[in-house]
Amino acid sequence: MSIFEIYINKIKELIKKKQKNLELKNLNDFKNVTVEVPPSNFDSDLSCNVSLILGKINKKNPKELAEKIKKIIYENLNDFENIEIAGPGFLNFKLSKASLIANINGIIKNRETYGRKNSNKTYNIEFVSANPTGPMHVGHCRGAIFGDVLANLLKFNGNKVTKEYYINDYGNQIYNFVKSVFLRIREIKYDEEFINNEDLYPGEYIILIGKKIIDENKNEKFDNFKKSFELLKKYSLKYSMELIKTDLKNLGIKHDIFFSESVLIKNKLVDKAVSHLRDKKFVVDGYLKPPKGETDSNWKKQKRLIFKSTLFGDDTDRALQKNDSSWTYFANDIGYHMDKVNRKYDYLINVLGADHTGYIKRITAAVSAISDNKTNLDCKVCQLVKLFKNGKPFKMSKRAGEFISAKDLLDEVDKDAIRFIMLNRSNDVELDFDFDKILEKNKENPVFYVQYSFARINSLFRNLNKKLDYDISLNIKNFNLNDIEAKILRKVLEWPKIVEVSSTKLEPHRITYYLYELATLFHSYWSMGNEDFNLKFIENGKIKREEILAIVSTVAIVVKRGMNILGVSLPEQM
RNA sequence: GCGUUCGUAGCUCAACUGGAUAGAGCGCCUGACUUCGGAUCAGGAGGUUGAGGGUUCAAAUCCUUCCGGGCGCACCA
C-alpha cells in the first residue's frame, strides 16, 4: 500500500470513530477525500482535503473543522511531527523522524515492488496492427511503444496482460499489395516497366520482397497474376510481416498474439458475430441515411445489413455489407472483437493512430452490443509524430512511397532514446521528434539526463567500494535530513501515486515526466558540493552521513523501476 | 456541415480524473570547473491558461456560446 493509501485509511478510520465528537452527520463514504502531495512551496510531506469535503456536506466552516480533526489526529496518531492548516482548510502533515525512517527502510527492503498498485485483472491490449502491406513508419512506432509501456505498467501492478496484433491480411489493399509485388517481379524478370498508380505500392521494399520470392520459386514463371496470386500472397505477407516483426523486435517489443483477419473470416467468426447481434435485434436489414452535407446525386439508396450502433452512442448506424454484399471492414472487426470478448478479459484496450479517431464510437458501440455492456473497451489515440532534422521538418509522402520508416529511425537513434522521447508527451498531443537533439548527450536530451543520474549514483557507490543494494542502517537518534534531501524523499514517496495515476488513466507519459523531475532534484543535490564543500558526500573515502546513501538509494530504486516500465536501459557507467 | 481532439510563458509542453502562489525544458540575461563524473548546477526576467458567460468554498480542468489549428466523415482498410 502506498503512503497515501495508508494515511487516507488511517484518517478515515479515525474520523469515523470520532464522528460524534466532530459533530459530523454525513460522511458520504468520504467520496473525493484524498491524501496528496502538497505543492512544493509547503514544507510538508502529505496533504489532505478531508475538512473541505466534509465541511461542505455538513455545512461547517472547513478551517474550524480542520482544527478539530488536527487535534484528534495528534491525540491518536504519532506518525507526524507537525500538522498545519493551510489555504482554505487543507491539513498538511510533516512526518516524524521515525516514520520517515520506516518509509525509507520499506522502500529499500521492497525495492523490486516499490510503487506497485496491486491489482489482478486481465487486460488485452491491441496495438500497432500496422497493415501488412509495408514496413512500419514513425507513427506506428509511437503507438507501438505506447502500447508496450502500458502493458509493462499494468504488469508491474500484477495484472495479466495479453499484447495483441491484428493483421489486416484481407481485402482490396492486400490484392493491390500482391499485385504490386507481381508487377515488380515482372519488372525484374522480364524488364517490364513498373507503372505506378494510386492503388499500387511503389516502395523499395516491394522490390526486395519480389527478389526473395523469385529466389524461393525458381521454377515459377509468374506469367499469370491470377494463377500466381495465392502463392504470391502467401510469400508477400510472410515477408512483409517479417519486416514488421524485425522493427518491433528492434524497438524491444514482442506481441503475444498475432490475429489474422483472413483466418477470422475463414473460421466464420464474422457470420457468428453478425447472427449473434441479429438475434439481439441490433443488426437489421435497412437503409442508411445519406451522409449530411452530401447532395444526394451520388447517393444510392440500397438495402443492406446494418448495425444499429446509434443505440450505443454512435452518430449514425453502420453498414456491415458492401454493395457486392461482402463484409465491410467494420463487420470483420466486429467478428474480431467478439472473439476478444469471448476470451473473457476484464478490460480491452485498443491503441489507435490519430486517423482512426472517427472509428472509436462504432467499435466501442459494437463491443457494448456484443457483451451486453459487460466488457469495457478503452480506445487510446496516439497523435501524429512530426519529424525534425536540422531544425527543419521532414515530410512523408505516401504517394511517392517515401516515408520515414521505423528502420530509418532505428538506424540513426537507439531504441532507448526512441522509447523515452515517444513517451515524453501526452498521447493526445502531437509530438515533435528531433533527430539532432536525441543524439546529444546533455540536458536537452531527457533520456540521457535520467540515465546519467543513475550512472552518477553508481559512481558514488563505486567510490565507496559498496554495492548499490548495500544494507543501509539509519539511526533515529541522529537522523536528520536537510532541505534538499527532504524534497527528494518527498518526490520518491510520490512514485506510487505516479504509478497509480498512470495506470488508471492509461497515461504512461506521466512516468517520463516524473523521472525527469526526480533526476533534476538529484543532479541539484549532487552539485551542492560544488558550491559548499561541507555538502560533499564523501570525506576521506567515507560517506559523511548514512542518510545520504539512504536518499540516493531510494532515488536509484525508483529510477530503475521507472525505466524498467518504460523499457529503457539504465547503464551503470556512461 | 457533423463528429472528435487540442488551444497554457517568445517556442515545445506538464499540471495528481475540481484544489492552495499554474510548473518544466529550450531561448534570453547573470554566475559556479585545484570535479564524490561541470555530460552538471545556482540565480533572474517571462502568464488575464484563445474569448465571453455559467456551476461552487475552490475551475486550465466541468457545462455553454463563440474563435482558431489537427484528424475523421456511405459503399476503403
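Proteins get letters first, then strands, A, B, ... in listed order; numbering begins at 1 in each.
- Each of A/Phe454, A/Tyr516, A/Tyr452 was checked for a ring-ring contact (aromatic ring centres under 6.0 Å, His included) with A/His523, and the lone residue meeting it is A/Tyr452.
- Judged by the 6.0 Å distance and 45° axis criteria, A/Lys544 is positioned over the aromatic ring of A/Phe533.
- Taking only side-chain nitrogens and oxygens, A/His356 never comes nearer than 4.0 Å to OP1 or OP2 of B/C73.
- The A/Glu444 side chain lies nearest to B/C26 when the options are B/A39, B/C26, B/A77.
- Residues A/Arg142 and A/Asn427 bring no donor and acceptor atom of their side chains to less than 3.5 Å of each other.
- A distance-only check finds no donor-acceptor pair linking the side chain of A/Asn350 to the backbone of A/Glu126 [under 3.5 Å].
- Positionally, the nearest nucleotide of RNA chain B for A/Glu517 lies more toward the 5' end than for the other of A/Glu517 and A/Lys56.
- As rounded to the nearest Å, B/A59 and B/G19 have C1' atoms that lie 9 Å from one another.
- The existence of a salt bridge linking A/Asp43 and A/Arg490 is confirmed by a sub-4.0 Å separation between a basic side-chain nitrogen and an acidic carboxylate oxygen.
- A donor N or O paired with an acceptor N or O is not found under 3.5 Å between the base of B/C36 and the side-chain atoms of A/Asn463.
- OP1 or OP2 of B/A77 has at least one side-chain nitrogen or oxygen of A/Lys322 nearer than 4.0 Å.
- A straight line from CH2 of A/Trp526 to P of B/A39 spans 12 Å, rounded to a whole angstrom.
- A residue-by-residue look at A/Ala455 and A/Glu507 shows that A/Glu507 has its nearest nucleotide of RNA chain B further toward the 5' end.
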Pairwise N/O distances under 3.5 Å, protein to nucleotides 5-7 of chain B:
none

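- Closest contact between the side chain of A/Glu261 and the listed nucleotides B/A20, B/U21, B/A77 involves B/A77.
- Taking the six-membered ring wherever Trp is involved, the centroid distance between the rings of A/Phe259 and A/Tyr336 falls below 6.0 Å.
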So which protein N/O to nucleotides 41-45 of chain B N/O distances come out below 3.5 Å?
| unit_1 | atom_1 | unit_2 | atom_2 | d |
| --- | --- | --- | --- | --- |
| B/C41 | OP1 | A/Tyr449 | OH | 2.3 |
| B/C41 | O4' | A/Ser527 | OG | 3.2 |
| B/A42 | OP1 | A/Ser524 | OG | 3.0 |

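- With ring centers used as reference points, A/Phe127 lies 6.0 Å or more from A/Phe146.
- On a pure distance criterion of 3.5 Å, no polar donor-acceptor pair joins the side chain of A/Asn41 and the base of B/A20.
- Using a 4.0 Å cut-off between charged side-chain N and carboxylate O, A/Lys340 and A/Glu164 make no salt bridge.
- Ring-plane geometry between A/Tyr201 and A/Phe177 is classed as perpendicular, the angle between the planes exceeding 60 degrees on a 0 to 90 degree scale with a lower cut at 30.
- Across all strands, A/Arg510 comes closer than 4.0 Å only to sugar-phosphate atoms, never to a base (heavy-atom distances).
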